[in-house]
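Structure record follows, encoded as structure tokens.
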Amino acid sequence: LFAHPDGLLGSAGRDVYVRGTDGGNGTVFNVVHTGDALVDPDDGTLLGYQGLYVGQGRVDQAGDPAIVRLTDTTREASVGDYLIEEEGITPINYFPNAPAQSVDGRIISVLDGVSMIGQFQVIVLNRGARDGLEPGHVLSVYQTGEVVSDTTRNRGFFNEEVRLPDRMAGTTMVFRVFDRMSYALVMEATREIRVLDTVRNPDS
């Protein structure tokens, strides 16, 4: 998306100009805003960028540029947003099960950007197909133990730094898998869950 005809922010019912699409009249697109970078905290690798759903648009006049009418929006469309052609959704039956191999990963993002993660929120994990994850795999979430100073063992001017044990905080199920990352739904949250908390095989 590269311009609004009237210079206003794009919302449902407005037209926007787009380039780079060969969709004919009537083609429906999802409008997506590029969000934060998704970085693997283990090695600093950039895994991709969060795609924030803006809404849907329909090509009213094909061409380069094309005119797209925004038919539904959940937030304002802005210059630089991307169009992704609407795809038919194939129903998938998930059969919850534990991964066959050992998984030890971390939460790197939550879909709506909140700091506290609760039940039924979607999270992003830094483990994917190459780590043996598949849709339907269930993982336990562990609250990462804080590093605290042990003041009972004062050694001169320095206190010993101790990392507290991780604590079971909930359960999540993977539903979308890529090579090095995956999306999962928090099925249960018994304690506070945050970005960088750990996910592992159940009962591991």
Side-chain angles (χ1 to χ4, degrees), residues 1-3 9-10 16 18-23 29-57 73-87 89 92 94 99-118 120-147 163 166 169-187 189 192-201 204:
L1 189 157
F2 82 99
L9 291 174
V16 293
V18 301
R19 300 196 67 190
T21 175
D22 56 1
F29 290 93
N30 289 323
V31 182
V32 177
H33 179 74
T34 302
D36 295 336
L38 298 173
V39 177
D40 189 332
D42 292 343
D43 59 13
T45 300
L46 176 64
L47 303 179
Y49 291 89
Q50 191 71 268
L52 303 176
Y53 179 78
V54 174
Q56 286 192 330
T73 54
T74 59
R75 65 180 77 204
E76 297 290 347
S78 58
V79 172
D81 287 349
Y82 289 89
L83 299 184
I84 300 175
E85 191 166 352
E86 175 82 334
E87 297 179 359
I89 299 175
I92 299 176
Y94 295 108
Q101 60 193 70
S102 177
V103 175
D104 191 344
R106 289 204 273 177
I107 299 171
I108 59 174
S109 182
V110 57
L111 227 54
D112 54 10
V114 297
S115 58
M116 307 286 286
I117 302 167
F120 303 135
Q121 287 186 293
V122 175
I123 56 177
V124 186
L125 311 178
N126 69 333
R127 296 292 182 265
R130 78 173 193 172
D131 306 290
L133 284 181
E134 299 175 357
H137 276 166
V138 174
L139 297 168
S140 295
V141 181
Y142 288 84
Q143 194 180 65
T144 301
E146 296 181 40
V147 176
R163 185 176 181 275
D166 295 346
T171 304
T172 188
M173 186 178 71
V174 174
F175 66 87
R176 185 81 185 272
V177 178
F178 301 92
D179 185 48
R180 290 196 53 169
M181 57 177 279
S182 56
Y183 286 86
L185 179 69
V186 176
M187 304 299 293
E192 294 178 357
I193 299 174
R194 299 176 183 270
V195 170
L196 297 183
D197 279 351
T198 303
V199 293
R200 302 188 192 117
N201 299 58
S204 62

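The first residue of the sequence shown is numbered 1, and numbering continues consecutively from there. What you see below is based on every heavy atom in this structure, not just the backbone, and it leaves out hydrogens, waters and symmetry mates.
The line from CG of Leu185 to OG1 of Thr171 is 11.0 Å long, rounded to the nearest 0.5 Å. Here Ile123 contributes atom CD1 and Ile117 contributes atom CD1; the two are 6.0 Å apart, rounded to the nearest 0.5 Å. Between Asn126 atom CG and Asp40 atom CG the span is 4.5 Å, to the nearest 0.5 Å. The structure places CG of Asp197 at 12.0 Å from OH of Tyr142, a figure rounded to the nearest 0.5 Å. Atom CG of Leu46 and atom CG of Leu38 lie 8.0 Å apart (nearest 0.5 Å). Within the model, atoms OG1 of Thr21 and CD1 of Ile84 stand 11.5 Å from one another, a figure rounded to the nearest 0.5 Å.
Under the 4.5 Å side-chain criterion, counting only non-hydrogen atoms from C-beta, Leu139 is in contact with Leu133. Within the 4.5 Å cutoff, no side-chain heavy atoms of Val138 are placed close to those of Thr172.
Residues passing the salt bridge (Lys or Arg N to Asp or Glu O under 4.0 Å) test with Arg106 are Asp42, sequence neighbours excluded. Applying the side-chain hydrogen bond (donor to acceptor under 3.5 Å, both in side chains) test to Thr198 and every residue at least two apart in sequence or in another chain returns nothing. Among residues two or more places apart in sequence or in another chain, the salt bridge (Lys or Arg N to Asp or Glu O under 4.0 Å) test is passed with Asp43 by Arg180. When the side-chain hydrogen bond (donor to acceptor under 3.5 Å, both in side chains) test is applied to Asp166, the partners found at least two apart in sequence or on another chain are Arg163, Arg200.
Within a 6.0 Å sphere centred on CG of Asp179, heavy atoms belonging to other residues, nucleotides or ligands number more than 12.
Annotation for Val18 and Leu83: closest pair CG1-CD1, 3.5 Å, computed over non-hydrogen atoms. Minimum heavy-atom separation, Asp81 to Val31: CB-CG1, 4.0 Å. Scanning all heavy atoms of the two residues, the minimum distance from Ala129 to Val177 falls at N-CG1, 3.3 Å. Of all heavy-atom pairs spanning His33 and Ser78, the tightest one is ND1-OG, 3.9 Å.
Within the structure, the salt bridge (Lys or Arg N to Asp or Glu O under 4.0 Å) test picks out no pair touching residues 129-144 (sequence neighbours left out).
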Can you give me every donor-acceptor pair (side chain of residues 47-54, partner residue at least two apart or in another chain, under 3.5 Å) with its distance?
unit_1: Gln50; atom_1: OE1; unit_2: Tyr183; atom_2: OH; d: 3.3
unit_1: Gln50; atom_1: NE2; unit_2: Ser109; atom_2: OG; d: 3.0

Exercise for the section: Report the C-alpha separation of Leu125 and Ile107 in whole Å, then their side-chain angles, then the decisive distance to 0.1 Å, and conclude whether the side chain to side chain contact (heavy atoms under 4.5 Å, CB included) test is met. Expected result: CA-CA 5 Å; Leu125 311 178; Ile107 299 171; 4.0 Å; yes

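Of the possible polar contacts, none joining the Gln121 side chain to the Val186 backbone as a donor-acceptor pair under 3.5 Å is found.
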